[in-house]
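Reading through the structure tokens given below for one structure.
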Amino acid sequence: MGTLVIATSNLGKLDEFKEMFKELPVELKCLADYPPLPSPNENGRTFAANAKTKATYYAKHLNEFCLADDSGLEVKALGGEPGVRSARFAGDEATDKENNDLLLQQMKFQITRTCRFRCALAVANPTGRIVAETDGSCEGMLLHEPLGENGFGYDPLFWSTELHKGLGEATAEEKNKISHRGKAVRKLIAMWKKAANNKNGKRQEKQGRKYSNEQQVNGKAEQENGASKPEREARPDTKPEVKPESKPEPETN
Ligand SMILES: O=c1[nH]c(=O)c2ncn([C@@H]3O[C@H](COP(=O)(O)OP(=O)(O)OP(=O)(O)O)[C@@H](O)[C@H]3O)c2[nH]1
Ligand SMILES: [Mg+2]
């Protein structure tokens, strides 16, 4: 079984990933399983750029496959802010509460409350090369005050137009079904399943080719040894079993 490190220092994200990956045949690890590393710079202009930077950085240092997530909240009335700066909106070391308070203050007189969460995921192999990327988004409205105790970050300020409730009120299962991260994770899992199916298909094709080559060689040898054709055909049990290629599961966004 392979290892995948969930390379995030955000415990809220980590819990969501653990829940969503629990059925996968992979050994999940997190940064706490390794000696501490300084955080990488997240100064990219897009979520995708930051996710790739983090995945590559951790994969190279830990010599493992690493999954990184860069995500944040885009508020329409603020021109997409806090966006990639979501974690540092109220300062480099800002807490969730400080970020939320600043956001509410900036939105005090705004009538348009449309916003969305976005998430970019990147997986890097142990050399640091990016081997998979996906993304997801989740639409909502910014509340005027915190609602509910669940989730993390900006969740208490986010009214989900898909769930018709605040993310702070939603259970983990409800949030994962509609969230930016949930959508990005399901795309990633669908990609892995497709790649695994293709690999199985290729392996079976190779086995089939090997069998047919062997048959030709054996046939030739038998002919040279004087074996008759009907005798060879009467041995179907020597055929390798070639299962039909199974279809990947449809994406469930
Ligand atoms: O209410 C929320 N529900 C979410 O589902 C969610 N996803 C992201 N965020 C916020 O966006 C920033 C991400 O910044 P970010 O991607 O740099 O992560 P981070 O610095 O916390 O950890 P790391 O993964 O970089 O180690 C942080 O402020 C998070 O609170 C969320 N807030
Ligand atoms: Mg970060």
Side-chain angles (χ1 to χ4, degrees), residues 5-20 29-32 34 36-59 61-62 66-75 78 80-104 115-124 135-143 146-160 162-163 165-185:
V5 182
I6 310 291
T8 179
S9 53
N10 185 314
L11 300 181
K13 288 183 188 179
L14 184 63
D15 282 348
E16 293 183 6
F17 282 122
K18 279 186 178 164
E19 177 62 27
M20 291 189 277
K29 291 209 169 174
C30 61
L31 295 179
Y34 298 89
L37 283 168
S39 299
N41 275 335
E42 298 183 43
N43 48 14
R45 285 171 46 192
T46 62
F47 295 110
N50 282 338
K52 284 191 276 189
T53 301
K54 289 190 262 190
T56 296
Y57 170 87
Y58 285 112
H61 280 85
L62 303 178
C66 286
L67 167 76
D69 163 312
D70 201 65
S71 43
L73 181 69
E74 291 181 339
V75 180
L78 301 180
E81 286 277 291
V84 286
R85 296 196 309 115
S86 290
R88 305 172 297 279
F89 191 42
D92 278 352
E93 304 297 325
T95 62
D96 285 347
K97 179 159 184 339
E98 285 163 348
N99 286 331
N100 287 0
D101 287 348
L102 179 62
L103 185 59
L104 283 181
C115 59
R116 65 176 173 181
F117 273 124
R118 288 183 60 195
C119 169
L121 298 182
V123 179
D135 59 12
S137 65
C138 159
E139 307 296 320
M141 307 283 276
L142 198 80
L143 293 162
L147 177 66
E149 305 291 326
N150 298 341
F152 66 95
Y154 297 94
D155 280 344
L157 298 183
F158 191 93
W159 176 265
S160 163
E162 283 171 82
L163 287 180
K165 61 163 80 170
L167 284 190
E169 303 173 299
T171 63
E173 203 185 334
E174 285 172 327
K175 181 181 171 188
N176 289 343
K177 259 189 200 150
I178 57 94
S179 78
H180 47 317
R181 188 164 297 105
K183 288 170 186 168
V185 164

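Since this is a predicted model, take the numbers as computed values, not measurements. We count ligands from 1, going down the list as the structure has it; atoms in each ligand are counted the same way.
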Evaluate the side-chain contact (heavy atoms from CB on, under 4.5 Å) criterion for residues E42 and V84: first the C-alpha distance (whole Å), next the side-chain angles of each, then the deciding distance (0.1 Å), finally the verdict. CA-CA 9 Å; E42 298 183 43; V84 286; over 6 Å; no
Where do F152 and N10 land on the side-chain contact (heavy atoms from CB on, under 4.5 Å) test, with the steps shown first? CA-CA 9 Å; F152 66 95; N10 185 314; 3.7 Å; yes
Evaluate side-chain contact (heavy atoms from CB on, under 4.5 Å) for N43 paired with T53, printing each intermediate quantity in order. CA-CA 9 Å; N43 48 14; T53 301; over 6 Å; no
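Each of K175, K13, K165 was scored for a salt bridge (Lys or Arg N to Asp or Glu O under 4.0 Å) with D155, with one residue passing: K175. Of the residues listed (D69, D15, D135), the one engaging R181 in a salt bridge (Lys or Arg N to Asp or Glu O under 4.0 Å) is D69, and it is the only one.
Here the protein heavy atom with the shortest distance to atom 19 (P) of ligand 1 is K13 NZ, 3.9 Å. For atom 13 (C) of ligand 1, the nearest non-hydrogen atom of the protein is S71 O, 3.0 Å. The nearest protein atom to atom 3 (N) of ligand 1, hydrogens excluded, is given as D155 OD1, 2.7 Å; this is a heavy-atom distance. Protein heavy atom closest to atom 23 (P) of ligand 1, with residue, atom name and distance, is T8 OG1, 3.4 Å. K175 NZ, 2.8 Å is the protein heavy atom nearest to atom 5 (O) of ligand 1. In this structure, atom 28 (O) of ligand 1 lies nearest to the protein heavy atom A87 CA, 3.1 Å. Distance from atom 30 (O) of ligand 1 to its nearest protein heavy atom, with residue and atom name: G153 CA, 3.3 Å. Nearest to atom 22 (O) of ligand 1 among the protein's heavy atoms is N10 CB, 3.5 Å.
For ligand 1, none of its N or O atoms has an N or O atom of N99 under 3.5 Å away. Considering backbone and side-chain N/O atoms, E16 never comes within less than 3.5 Å of an N/O atom of ligand 1. Residue F152 places at least one N or O, backbone or side chain, under 3.5 Å from an N or O of ligand 1.
Side-chain atoms of Y154 come within 3.5 Å of backbone atoms of S86 as a donor-acceptor pair (strictly under, hydrogens ignored). Although no hydrogens or angles enter the test, the distance criterion places a donor-acceptor pair under 3.5 Å between the side chain of N100 and the main chain of G153. Side chain of N176 to backbone of G182: no donor-acceptor contact under 3.5 angstrom is found. Put simply, the side chain of N50 gets close to the backbone of G44: a donor and an acceptor are under 3.5 Å apart. Side-chain N or O atoms of N99 include one that pairs as donor or acceptor with a backbone N or O of A87 at under 3.5 Å.
Under the 4.5 Å side-chain criterion, counting only non-hydrogen atoms from C-beta, L104 is in contact with L157.
Closest heavy-atom approach to atom 7 (N) of ligand 1 within the set R88, K54, E42, R181: this belongs to R181. Atom 10 (C) of ligand 1 has its nearest heavy-atom neighbour, among F158, F89, Y154, in Y154.
Ligand 1 is approached by G72 to a heavy-atom distance shorter than 4.0 Å.
Taking the Mg ion (ligand 2) as reference, E42 places its N/O/S atom OE2 nearest.
Taking every heavy atom of D70 and a limit of under 4.0 angstrom, the matching atoms of ligand 1 come to 15 (P), 16 (O), 17 (O). The ligand atoms of ligand 1 that sit less than 4.0 angstrom from a heavy atom of S86 are 11 (O), 12 (C), 28 (O). Heavy-atom contacts of H180 reach the following atoms of ligand 1: 4 (C), 5 (O), 6 (C), 7 (N) (cutoff under 4.0 Å). Here is the list of ligand 1 atoms found below 4.0 Å of a heavy atom in S9: 22 (O), 23 (P), 26 (O). Which parts of ligand 1 touch D69 is read off a 4.0 Å heavy-atom cut-off, strictly below it: atoms 16 (O), 24 (O).
Taking NE2 of H180 as the reference point, atom CG of L73 lies at 8.5 Å (rounded to 0.5 Å).
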